[in-house]
Amino acid sequence: MKERFLVTGGNRLEGVVKVDGAKNSVLKLMAAALLAEGTTTLHNCPEILDVPLMRDVLIGLGCDVDIDGSTVRITTPATVSPRADFDAVRQFRASVAVLGPLVARCHEAYVALPGGDAIGSRPLDMHQSGLEKLGATTHIEHGAVVARAEKLTGAKISLDFPSVGATENILTASVLAEGQTVLDNAAREPEVVDLCDMLNSMGAKISGAGTSTITIDGVDELRPTEHSVVGDRIVAGTWAYAAAITRGDITVTDIAPRHLHLALSKLKLAGANVETYENGFRVRMDQRPKAVDYQTLPFPGFPTDLQPMAIAISAVAEGVTVITENVFEARFRFVDEMLRLGADANVDGHHVVIRGVENLSSTDVWSSDIRAGAGLVLAGLVADGQTTVHDVHHIDRGYPKFVEQINELGGKIERSLA
């Protein structure tokens, strides 16, 4: 049966919350374990629904996978199956991360087109183009992307857009290619750096991670490794905005503040007191937030994954906010649900204009993706009465122990059957 969250507004969030490993990193690291025979161990893994889904994908390819709390052990055989065309693959977007490793290890791959969040078009054109420059042939066939290569050879590749997924698949394909690959306009996200760090610990030769140009010198083989997943900056950012919107006081640990520099700077402009530490930060707010404009961009710009949180806080801010979405065009589906809560917002193309109101009114709302769901919970925390958030399986895919942590911070939220 479907579950829902019952969120009671009016409570200030206060306390300390620890951030687990990043959803947007752990799934790619699990896929990268396909590159080396033997057992790779990942620590600090978040206990979210997508991790067992990726386990099922890897098991379908021939691996043994053991999940023990925050530790995941993946034993990759000498020969893995190149076919990832089963149901688990279709359930979430990150399953496409097996494409690069399969082409590298098997010289072929048959990967079902992935599912995931309803946030707009996310085609595989750049993934395919990158693999083709490395010497593969690719096409879409019967709902799957098919790639084959007698051998992969290093190449100079320039992405039209700094796509995280394309960057990661090109990385995992090129580490075992013959010669050098230079990837220009590469994604700079901390999760890409985390993948490069793990690949280097497996014996890869990658330089330039975190910059727009990454150089990969191919090696003959990789070895299994042990790696700790980088902290989840989107979950950390969600707690930062939760502190500000509820006029609370939250300290977030186990995250590098530099990974959220712009998001925290926006909260300062909104009137919050923000203190940063080596491995965390504290956000305090004791007034109605001020309106601040946002535009989403690839890292180090403002994250598209925090756009719903920006809309939520802007809905109760003093003044008029303009938010521009430059990454995923369908993110503004979230605005329709905010209107149910009494927000004053108008969408015009890839902009939304929000006139802040003093109070939101509780009602039933539906989450369309992971971040939209979290944003609706934040809005519910400052609405009058009880807000019911439906389709919370989306939230469970990205936020471990979300209900428990909100209640520990002084909020009032419960999970129930719909």
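Since the model is a prediction, treat every value here as computed from it, not as a measurement. These values consider heavy atoms only, across backbone and side chains, with no hydrogens, waters or symmetry-generated copies. For this chain, numbers begin at 1 and follow the sequence in order.
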### Message
Between Val72 and Val51, is there a side-chain heavy-atom distance shorter than 4.5 Å?
### Response
yes

_Student check: side-chain heavy atoms of Arg233 and Glu191 closer than 4.5 Å_ = yes

Would you say Thr41 and Glu226 are linked by a side-chain donor-acceptor pair, where the criterion is simply a distance under 3.5 Å? no

What are the two closest non-hydrogen atoms of [X] and [Y], and how far apart are they?
| X | Y | value |
| --- | --- | --- |
| Val26 | Leu42 | O-CD1, 4.3 Å |
| Asp254 | Val19 | CB-O, 3.6 Å |
| Leu183 | Thr167 | CD2-CG2, 3.9 Å |

Please check: side-chain N/O of Arg371 versus main-chain N/O of Gln307, any donor-acceptor pairing under 3.5 Å? no

Fill in: Test item: Ser129 side-chain N/O and Met126 main-chain N/O as donor-acceptor pair under 3.5 Å
no

Requested in this report: With side chain to side chain donor-acceptor pair (under 3.5 Å) as the test, would you mind laying out the steps for Thr225 and Thr40 before giving the verdict?
Outcome: CA-CA 5 Å; Thr225 191; Thr40 290; over 6 Å; no

Across all chains, not counting sequence neighbours, the side chain to side chain contact (heavy atoms under 4.5 Å, CB included) partners of Asn185 are Leu159, Pro162

Quiz item: cation-pi between Arg188 and Phe299, 6.0 Å / 45°
no

Electrostatic pair Lys23-Asp232, nearest N-O below 4.0 angstrom:
no

The ring pair (Phe, Tyr, Trp, His ring centres under 6.0 Å) partners of Tyr399 (sequence neighbours excluded) come to Phe402

Sequence neighbours excluded, the answer for side-chain hydrogen bond (donor to acceptor under 3.5 Å, both in side chains) partners of Glu337 is Arg340

